[in-house]
S.K.: 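I have a structure here, written as structure tokens, and I will follow up with some questions on it.
Convention: sequence-line order gives letters A, B, ...; per-chain numbering from 1.
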Amino acid sequence: MADTSESKAGDGDLIVIDGVSHTYRTNTGPLPVLDDLTIRVPRHGFSAIVGPSGCGKSTVTRLVAGLMKPDAGSVWLQGERVVSPRSTVGMAFQNPVLLEWRSILKNVMLPLEIVPTRLDAAARERRARDLLKLVGLAGFEDKRPSELSGGMRQRASLCRALVHQPEVLILDEPFGALDAFTREDLWLTMHRLRAEEPFTGVLITHDLREAIFLADEVIVLSGRPATVQYSLQLPDSGPRTLDHLYTNEATETLNVLRDQIRIAREGEEAGQ
Amino acid sequence: MRQVFVRLLAIVIFLCFWEALVWINDWPNYKMASPSDLWPAFWRFKGLFLTFGWETLWRTVVGLLIAIVVGVLFGMIMGFSRVLREGLYPLLVGFNAIPKATVVPIVALMFVGQHDLNTVLIAFMISFFPIAVSVSIGLSTLEPEYRDILRSLGASKVTIFWKIALPKTLPEFFGALKVAVTLAFIGTNLMEIVSPHGRGLGALFDSGKTNSDYPLMFAVLIALAVLGIALYYVVVMLEKIFAGWAERSAE
């Protein structure tokens, strides 16, 4: 398969996962995780990927980030095939993975030390400070990560993922370890960030409410090996308030998604 | 200030207890010298204590420095390559399990007459193991997410090592270095005591033994303790400077 003939796959949408299959080789034999998975995210779109535990969601993030290559199929960002990591990607995980020996400000500035940038030292610091202010961490710039709460660390981690103005933001269950109130707070922060500087994003989550609150599209993956089982376009993608989650409409959407997750899990059990 | 006071007080109480113990039991000084016997011993051999103390100190420090270089090197090799870790571990453990007192005569024969080399060698051999192990564990237990954060931005392996792996391993490294300091002193003294016509505090201890000068022997022990404490606190100071972030604030 020549790359040139496939270049159509990269057209249009900013993130294109095209017919990707992948199998891990483990000690107990091959473990197929993805099976002919196709996902497209338009520019400035934000897609949430939900599915049963261990169905290969995190593998999708690693593929998009270029941290690994699929056995079959291809991944495209901005019309270019992903073969290695690229600096136009920002990542945040469930674990904020802040570097304990750096201040919060220096943590946020880390990507700017790696990624080629035209910003001078003062501009970099200004950029980091602006972001921290936007997520409500003004005044904590010089603290160490250990002095911050879990929610605050996750905010700093988001700033680090965004500081180099990536085209693509990959979030792998970033709010999974937080308590409910902190999580809702961070959801609102996400909407603020998106309004302030639009990005194209993929969010892996276990939380269906989170998915419909943050994303424009919710994609339900089937059990292992995962493929797209169901996808749902959400009506308005503008900034939302938490009240939105308590409307009848939201409840109906949640029920539909919950059903789909149930089907995915049953399918997985049947397959075992 | 309070810290210094508490530490000095602890030492004074210890010396009083020691003096009282000897006095109450009425022990002769060949059984147990008392602190009041030590000062005359120090004073009589003050020149020797200074020159031999310096000998012991520099040999220990050089041995320790070599142990750091070799230990970090082994640690990096084992930390980054699983195959080499699996291959080297049993060898290192076996090597470490050999009591160094048995290696001393072998080394002394091997490089006969070269006291400096022998002593530095034993100090190095006895102290490099904890450093190698701690560095390898620190590097191999680095969470993959830490690496991914930089790797996803296209950072090179070298950059990841300098920016993440190395600083993250520093607390473990300093923990091991504190153990290594004491071990290196043991190594130096083993060789100094065994090696004939040796120099250093170990040799002074040995001559105290041959001359039945028991207060001198005890005085050497105290001198060694003082050197040990000094070197230990140098490491603590370096740790504060380079890995102070790992220390949780008390309040």
S.K.: What part of A:Leu98 gets within 4.5 angstrom of chain B, counting heavy atoms only: side chain, backbone, both, or neither?
M.R.: backbone

S.K.: Can a salt bridge be assigned to the pair B:Asp116 and B:Arg59 using a cut-off of 4.0 Å between side-chain N and carboxylate O?
M.R.: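 Salt bridge between B:Asp116 and B:Arg59, a charged N being under 4.0 Å from a carboxylate O: yes.
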
S.K.: Of B:Leu92, B:Val135, B:Ile137, which meets side-chain contact (heavy atoms from CB on, under 4.5 Å) against B:Met78?
M.R.: B:Leu92

S.K.: Does anything in residues 175-191 of chain B reach chain A? List residues with heavy atoms under 4.5 Å apart, or say none.
M.R.: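 Hits under 4.5 Å: none found.
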
S.K.: For B:Ile164, is it the side chain, the backbone, both, or neither that has a heavy atom closer than 4.5 Å to a heavy atom of chain A?
M.R.: both

S.K.: Does A:Thr200 reach the main-chain N or O of A:Val168 with its side chain, forming a donor-acceptor pair under 3.5 Å?
M.R.: no

S.K.: Which answer fits A:Arg86, side chain, backbone, both or neither, if we ask what part of it has an atom under 4.5 Å from a heavy atom of chain B?
M.R.: backbone

S.K.: Using non-hydrogen atoms and a 4.5 Å limit, figure out which bit of B:Thr159 sits close to chain A: side chain, backbone, both or neither.
M.R.: side chain

S.K.: Checking side-chain contact (heavy atoms from CB on, under 4.5 Å) between A:Val60 and each of A:Ile219, A:Val75, A:Asp172, A:Leu34, which is the one that passes?
M.R.: A:Leu34

S.K.: Sort A:Ile114 into side chain, backbone, both or neither according to what part of it lies under 4.5 angstrom from a heavy atom of chain B.
M.R.: side chain

S.K.: Return yes if some donor-acceptor pair links the side-chain N/O of A:Thr182 with the main-chain N/O of A:Leu178 below 3.5 Å, else return no.
M.R.: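 Side chain of A:Thr182 to backbone of A:Leu178, a donor-acceptor pair under 3.5 Å: no, none is there.
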
S.K.: Salt-bridged, B:Asp148 to A:Arg62, with N to O below 4.0 Å?
M.R.: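 Yes.
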
